[in-house]
Amino acid sequence: MLTLGRASLVLALAIALVGIVSSLYGARSGRAEWVAVGRRSMYALFGVLTVTMVVLEAAFLRSDFSFRLVASHSSTTTPTFYKLTAMWSSQEGSLLLWVWLLSGWASLAVFATRKRLRDIAPYATSVLLGFGAFFVSLILLFAHPIQLLDPAAVEGNGLPPLLRHPSMMIHPPMLYSGYTLFTIPFAFALGALITRRLDASWIRSTRRFALLAWLCLGTGILLGARWSWSELGWGGYWAWDPVENASLLPWLTGTAFLHSLMVQEKRGMLRVWNVSLVLATGILAIMGTFLVRSGILESIHAFGASTLGVPFLVLLGVLMISSAALVLTRRRELRSEARLDSVFSREAAFLLNNLALVGLCFVIMWGTFFPLISEIVTGRQASVGAPWFDRYTVPLAIALVFLSGIGPVIAWRRATLGNLRRNFVVPTAAAGAALLAGLTLAGEPKPTALAMFCGAAFALGAVGQEFWRGTRARRAATGESLPLALATLVGRNRRRYGGYLVHVGMALLFLGVAASSAFQHVRDVRLQPGQSVRVEGHDIRYVRATGTVDREKLSLGALLRVSKDGHEVATLRPSRGYYPSPDARQFGPIGRYFEGEATSEVGLKTGLERDVWTSVEPNIDSFGRMVDGIDRRFPLADAASQGLLLGVIAERYRLDPPPAGFRMIVSPLVTWIWLGGLVAISGALIAIWPKPKRARAWVVAASRPRLGRAVGRA
Amino acid sequence: MELVLVMLVLAAATALISSPLWRRTAAENPETGEVTALEAAKAAKLSEIRDAELDFRVGKLSEDDYRALDNQLRDEAVDLLHQLDAERDDRGSGSR
């Protein structure tokens with residue numbers, strides 16, 4: 001199947017090039033059949049890349065180690081689920097996944113717009129095919145995923161242990177879906193600029209893709225944070241890592257775009273801003289991809305040093321220059337149709353929200369690239385840490401949460417005093433109640449956390465009031481039961497109430513972030529079995545050591561009992577897994593387990609009020625002599641014998657463990673981060689979900705008489 | 001066997017891409033970009049009218065605020081309808 005996979009990739013490049021030329025020729029000459037050829041090239045690109053994906057996935061599933069990639073990233077002992085997803089743990093496989101997702105989403109976009117945007121769509125198609133051609137070229141020239149290993153390996157290296165986590169396997173496809181989906185509004189914006197069709201029609205046609213991009217990227221980021229909290233041994237969910245930050249940048253500008261596009265749709269304002277935002281988002285999505293692959297910044301998530309940096313820099317340069325040139329030369333057509341009527345209006349609130357989001361983006365970008373900037377200016381690489389990021393991002397995040405409460409309730413165009421009074425009493429009261437509760441309950445004053453609690457309460461109060469008023473009005477008009485009235489209200493106004501639900505989710509998420517950051521208690525201790533430690537009212541006792549052996553690793557850990565006020569609340573089993581280095585000759589058949597990769601299995605008790613998080617660092621130094629002795633006596637031990645010998649070590653650890661190091665964390669409201677994320681995801685899904693055709697027809701029909709009256713009046 | 005599969009993929013892709021060139025394309029929608037833009041603006045205005053009505057029904061807007069806003073939005077919608085008619089009339093007379 002090697003030949004089929006390789007030929008499909010070459011064919012993919014040819015198809016992309018044919019599609020670019022046809023689309024551009026069709027657009028310039030007005031010949032629809034050539035535009036259709038371009039569009040179908042996109043579908044064909046998706047088809048042939050699917051063939052390549054299937055060939056590679058089949059090789060992973062049957063552990064065909066004549067494929068170099070399979071031998072280096074899988075093994076016969078890798079569970080089937082991880083075999084399926086091992087492909088994108090490599091540079092080569094993840095590039096293929098990127099371009100495959102791009103071609104799939106782009107096919108959907110060109111199909112959806114095939115009868116609309118006749119001027120813009122061919123240019124957008126050629127831009128999207130251009131991205132496809134670029135990535136397929138990178139794959140063919142620098143990172144080919146289908147290479148022959150001759151002779152084929154007997155056994156593969158396996159998947160890196162850190163990646164053996166379910167959310168880590170879904171995380172990359174979600175992130176890449178987000179990145180690739182953001183290239184769709186980017187491409188249509190370029191098309192609109194080229195053709196000077198800068199009204200809201202391109203925004204209306206690609207709005208759903210922008211929202212889907214936002215949803216996928218946000219879900220990917222959330223899954224990454226969850227993986228970090230429950231799998232990595234450092235005890236946090238966000239480390240301001242360059243690659244994490246890079247994924248956040250287009251998400252922030254994308255969020256800004258999703259708000260400001262409403263201003264353009266309704267008022268014809270902010271056209272330059274919107275088109276610039278969407279172009280910046282597309283470029284930041286490509287930059288995020290570049291950071292993971294170039295190795296220019298150190299990150300746990302990066303693929304390390306590679307030769308892909310220069311082509312990406314060229315692409316980014318071309319995108320930035322052409323985008324800026326198009327915006328500048330079209331500035332007359334991009335003039336707003338209306339002006340801001342009042343600073344007390346929803347337009348103004350959205351503008352402030354945009355400024356806060358773009359400000360956040362700028363701060364995070366500066367901090368992320370600071371090592372490079374400092375190296376260029378001073379010759380020495382310096383980096384900034386979490387306190388620096390917190391200093392600038394926290395005030396902006398607090399402002400954003402307050403604005404997420406103001407936006408839904410303030411009127412468009414001009415809010416009157418009556419409007420402000422009518423809509424802001426409940427949210428302000430909620431914020432006041434949160435302030436009082438915070439001052440009463442919090443042991444030590446934490447002003448930023450308190451401000452965030454007030455902001456979240458304000459937003460929840462505002463959105464709760466919106467849901468309540470809407471449901472009540474519907475119930476009064478139709479006599480429906482309360483749950484039915486709520487469901488119908490949301491179902492008939494999906495974009496509005498889905499959006500409100502996203503605000504609820506984000507308020508809960510920020511509540512969790514603020515509480516867990518400000519009131520987290522961490523203790524690093526060394527304990528022997530039988531000893532206890534007290535963390536924030538919780539007594540954690542090291543009951544006994546644990547040691548197990550399975551097909552892949554040796555696990556050494558601890559059994560911990562957690563009690564509060566004399567009642568046992570949890571039994572935790574943190575451990576550390578030791579995976580063998582492939583080099584048995586250098587380190588010995590048993591020694592290689594202590595020289596390979598080691599990962600933490602976190603002992604975690606989650607709860608709505610707080611999480612109790614524990615990790616263990618067994619002291620394995622004391623096994624050095626024992627392991628050396630075993631390796632000397634059994635230098636040629638086979639897999640079965642290795643299992644037996646590791647069992648002896650595990651048994652020894654269980655019976656006579658040396659003191660082990662523990663990190664113990666009691667962190668309040670962490671679960672609300674994940675719950676808030678789920679609520680936001682649900683809201684976005686509601687907002688994306690299309691109205692049934694019948695409902696759309698009804699809306700149009702219902703609007704006609706009203707407009708008819710207006711026409712008569714006019 | 002593998003070569004046959006390669007040829008099949010190549011043939012399928014070629015057939016898919018080239019079909020618009022050897023099949024007659026359906027008649028083109030005569031609407032211009034201008035009409036599309038006005039249609040989009042009309043749809044946005046209709047949605048704005050509905051949003052304002054919902055805001056009034058849920059008590060977010062007072063009756064006075066709502067009446068003023070609704071009149072303004074309807075006037076803007078009427079302008080759009082007139083522009084749309086004019087554009088379509090122009091195209092109709094142009095094509096005749």
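Keep in mind that the numbers below use all heavy atoms, side chains included, and drop hydrogens, waters and symmetry copies. So that the names make sense, note that chain A is the first sequence line, chain B the second, and so on, each numbered from 1. Every value quoted in this text rests on a predicted model; they were computed, and no experiment measured them.
- If you measure heavy-atom distances from A/E466 to chain B, the contacts under 4.5 Å come from the side chain alone.
- The CD atom of B/E39 sits 10.0 Å away from atom CZ of A/R204, with the distance rounded to the nearest 0.5 Å.
- Contact of B/D51 with chain A is made through backbone and side chain together, with heavy-atom distances under 4.5 Å.
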Please tabulate, for side-chain N and O atoms in residues 5-13 of chain B, each donor-acceptor pair with protein atoms closer than 3.5 Å (sequence neighbours left out).
none

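- For the set A/T471, A/N419, A/V51, the entry with the most heavy-atom pairs within less than 4.5 Å of chain B is A/N419.
- The contact between A/R496 and chain B is made entirely by side chain atoms (from C-beta outward), counting heavy-atom distances below 4.5 Å.
- Contact of the B/L21 side chain with the A/W34 side chain is registered, since non-hydrogen atoms from C-beta on lie closer than 4.5 Å.
- Counting heavy-atom pairs closer than 4.5 Å to chain B, the top-ranked of the candidates A/M1, A/E265, A/R472, A/R31 is A/M1.
- Among all heavy-atom pairs drawn from A/K266 and B/S47, the shortest one is NZ-OG, 4.1 Å.
- Between the CZ atom in A/F46 and the CG atom in B/L16 there is a gap of 12.5 Å [rounded to 0.5 Å].
- Taken from CD1 in B/I17 to CD1 in A/I15, the straight-line distance is 4.5 Å, to the nearest 0.5 Å.
- Partners of A/F344 by ring-ring contact (aromatic ring centres under 6.0 Å, His included), not counting sequence neighbours: none found.
- Distance alone, capped at 3.5 Å, is enough to place a donor-acceptor pair between the B/E2 side chain and the A/L4 backbone.
- To the nearest 0.5 Å, atom CZ of residue B/R57 and atom CZ of residue A/R474 are 8.5 Å apart.
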